[in-house]
Amino acid sequence: MRRPPLSGLLALAATVPGVVVALAGIDLPAPAAALVFGGAIVGAAFVLAWAAEAAQVDVSAGLAVAVLALIAVLPEYSVDFVFTWRGGEAAAQYGADCHPPGDPGTPACSLALANMTGANRILVGIGWVVVVLIAWRRSKKRGITLGRADAVPLAFLTIASLYCLILPFKRTLTLWDTLVLVAVFIAYSWRVSRAPAGEPDLIGPSAWVGNLAKVPRRSTVIGLFLVAAAVILLAAEPFAESLVDTGQELGISEFLLVQWVAPLASEAPELLVAGLYAYRLHTTEALGALVSSKVNQWTLLVGTLPAVFAVSSRGWSGLPIEPAQRGELLLTASQSLLAIALLLGLTLSLRAALALLGLFLVQFVLAGVLPVQWHDRSLWILSGVYLVLAAIAVYRKRTCLIPMLRDGLLTPYDQLGDGLRCMTTGGGRLRLRTRLKEAISSHPGG
């Protein structure tokens with residue numbers, strides 16, 4: 001292709017109104033501003049995703065997937081950092097309540113955690129499920145099977161989820177949590193950087209960039225990264241402000257907008273890119289990228305929130321976890337553990353995906369039918385359901401757990417072929433299936 005694809009030009013065009021409004025200081029009504037700045041963030045996120053895909057030409061396959069996952073969630077980082085920064089400023093002014101006395105609105109610190117928990121639950125409850133449903137619709141396969149190399153993000157996601165399970169029982173997110181979770185992310189990044197290089201399968205704007213000569217390609221990728229990052233920096237804060245103002249003007253809960261609408265806007269490009277991979281029947285890459293994104297959000301995003309809060313609040317007390325947010329954190333961690341348990345055999349079945357979707361939707365049904373005073377309790381009850389189902393799934397796939405952790409944390413990448421795979425059989429009994437031809441041919445002794 002000699003000219004950039006139309007989709008790439010449209011994504012860049014979507015960023016223009018937000019940039020113009022931000023730089024010119026135009027005062028728009030809150031709903032209109034939310035649409036303009038949200039559209040700019042979505043357009044910039046598509047540009048980031050395409051640039052990261054094109055970068056696969058120059059970096060290893062595993063690192064490329066990890067970088068793609070990280071880049072794709074940068075809009076989510078920017079929006080969440082805005083809410084966290086505002087929470088820190090509110091804490092510096094009003095104390096640990098992060099709220100002016102007598103104000104009926106949602107405390108600023110709660111909005112930071114609401115955005116993070118909503119984004120994480122959408123990624124699994126919608127993202128993973130959509131990929132499986134598209135694959136089933138396109139190929140009639142009742143599930144997606146990952147490769148052994150995908151045990152790497154799954155193993156690190158297990159570590160992060162087990163650690164995050166203790167967060168609901170704390171009063172604050174502290175810099176200690178930053179240290180632990182960022183360390184997990186660094187270890188994960190180092191691990192995937194050892195993956196061998198592969199030949200990427202690019203389409204659309206990423207293919208146009210990837211097919212350029214070496215110097216123009218790298219210059220274009222860097223330029224796209226910089227442009228998209230600049231747009232996100234300009235649009236993130238006004239987008240967050242306009243969402244809160246929209247809730248106040250329309251009588252909609254600002255907590256609801258921040259927890260669900262904002263993450264949908266910032267996660268949309270990532271979900272669409274994964275859906276596109278699934279539609280092209282690159283189902284392993286689609287689900288693998290979303291698992292990597294979950295690792296990024298559950299380690300680096302959660303881990304950096306206390307650091308942002310410490311800078312903005314000019315203190316070391318940590319990001320407060322209010323009682324209402326503990327149930328949200330527990331539900332998010334419980335959903336992660338169930339998703340991991342269902343994926344232990346490196347296969348996510350259609351039935352398991354529908355179970356994740358059903359449980360994700362149950363929270364909204366409960367919120368609609370239960371009295372307000374029961375809302376927090378319902379989160380804890382639903383979390384218990386997630387944890388019980390996770391325990392059952394782990395027991396049924398218990399012979400898969402150690403091989404997955406060993407492959408994910410220790411086995412060299414050049415040995416992560418299609419050899420030993422943990423599979424489920426009828427009645428929930430487990431067995432290990434060895435692909436003898438591959439095992440024999442790869443064994444040093446033949």
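Nothing here was measured: the structure is a model prediction, and the numbers come from that model.
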Short question: side chain of [X], backbone of [Y] - any donor-acceptor pair under 3.5 Å?
X	Y	result
Asn120	Met116	yes
Ser383	Leu331	yes
Thr284	Thr145	yes
Asp177	Leu173	no
Asp407	Ala151	no
Asn115	Ala112	no

Going by ring pair (Phe, Tyr, Trp, His ring centres under 6.0 Å), name the residues that satisfy it together with Phe83, two or more places apart in sequence or in a different chain.
none
Are [X] and [Y] side-chain neighbours, meaning at least one heavy-atom pair lies under 4.5 Å?
X	Y	answer
Leu175	Thr178	yes
Asp150	Val291	no
Pro205	Phe46	no
Leu111	Gln259	no
Thr174	Pro306	no
Pro168	Ile321	no
Leu123	Ser293	yes
Thr347	Leu342	no

Go through the steps to decide whether Glu249 and Thr246 satisfy the test side chain to side chain contact (heavy atoms under 4.5 Å, CB included), and finish with yes or no.
CA-CA 5 Å; Glu249 290 184 11; Thr246 299; 5.8 Å; no
How many angstroms lie between atom [atom1] of [X] and atom [atom2] of [Y], to the nearest 0.5 angstrom?
X	Y	atom1	atom2	answer
Phe156	Ser189	CZ	OG	9.0 Å
Leu113	Glu328	CG	CD	9.5 Å
Leu154	Lys294	CG	NZ	12.0 Å
Ile159	Thr299	CD1	OG1	11.0 Å
Lys214	Arg217	NZ	CZ	8.0 Å
Phe185	Leu300	CZ	CG	4.5 Å

Distance-minimising heavy-atom pair for [X] and [Y]:
X	Y	value
Phe255	Ser110	CE1-O, 4.3 Å
Leu319	Cys109	CD1-CB, 4.0 Å
Tyr386	Ser334	CB-CB, 3.6 Å
Gly18	Ala40	CA-CB, 4.1 Å
Ala341	Ala390	CB-O, 3.7 Å
Gly327	Trp380	CA-NE1, 3.5 Å

Could you give the side-chain donor-acceptor pairs of residues 219-227 under 3.5 Å, partners two or more places apart or in another chain?
residue : atom : partner : partner atom : Å
Ser219  : OG   : Val215  : O            : 2.9
Thr220  : OG1  : Pro216  : O            : 2.7

Quick one: side chain to side chain contact (heavy atoms under 4.5 Å, CB included) partners of [X], sequence neighbours excluded?
X	result
Pro238	Phe37
Ile26	Val21, Ala24, Leu28
Val308	Phe81, Thr84, Trp85
Ser161	Leu157, Trp298, Ser336, Leu337, Ile340

Using a 3.5 Å cut-off and no angle test, enumerate the donor-acceptor pairs between side-chain atoms of residues 352-371 and protein atoms at least two apart in sequence or in another chain.
residue : atom : partner : partner atom : Å
Gln363  : OE1  : Arg121  : NE           : 3.3
Gln363  : OE1  : Arg121  : NH2          : 2.9
Gln363  : NE2  : Phe360  : O            : 2.8

Val184 vs Tyr163, side chain to side chain contact (heavy atoms under 4.5 Å, CB included): CA-CA, chis, key distance, verdict:
CA-CA 10 Å; Val184 173; Tyr163 181 81; over 6 Å; no
Using salt bridge (Lys or Arg N to Asp or Glu O under 4.0 Å) as the criterion, list what pairs up with [X], not counting sequence neighbours.
X	result
Asp245	none
Arg191	none
Arg218	Asp58

Between Leu330 and Leu379, does a side chain to side chain contact (heavy atoms under 4.5 Å, CB included) hold up when you go through it step by step?
CA-CA 8 Å; Leu330 181 62; Leu379 295 178; over 6 Å; no
Taking the six-membered ring of Trp374 (Phe, Tyr or Trp), confirm whether the NZ or CZ of Arg377 is under 6.0 Å from its centre and within 45° of its axis.
yes
Val192 and Tyr413: CA distance, side-chain angles, deciding distance, side chain to side chain contact (heavy atoms under 4.5 Å, CB included) verdict:
CA-CA 9 Å; Val192 297; Tyr413 263 100; 3.7 Å; yes
Side chain to side chain donor-acceptor pair (under 3.5 Å) involving Gln335 - partner list, sequence neighbours excluded:
none
Applying side-chain hydrogen bond (donor to acceptor under 3.5 Å, both in side chains) as the test, list every pair that has at least one member in residues 304-321; sequence neighbours left out.
none
Would you indicate whether Trp176, at its atom CH2, is surrounded by more than 12 heavy atoms from other residues, nucleotides or ligands within a distance under 6.0 Å?
no
Are there more than 12 heavy atoms of other residues, nucleotides or ligands under 6.0 Å from atom CZ of Arg138?
yes
Donor + acceptor pair across side chains of Asn296, Tyr77 (<3.5 Å)
no
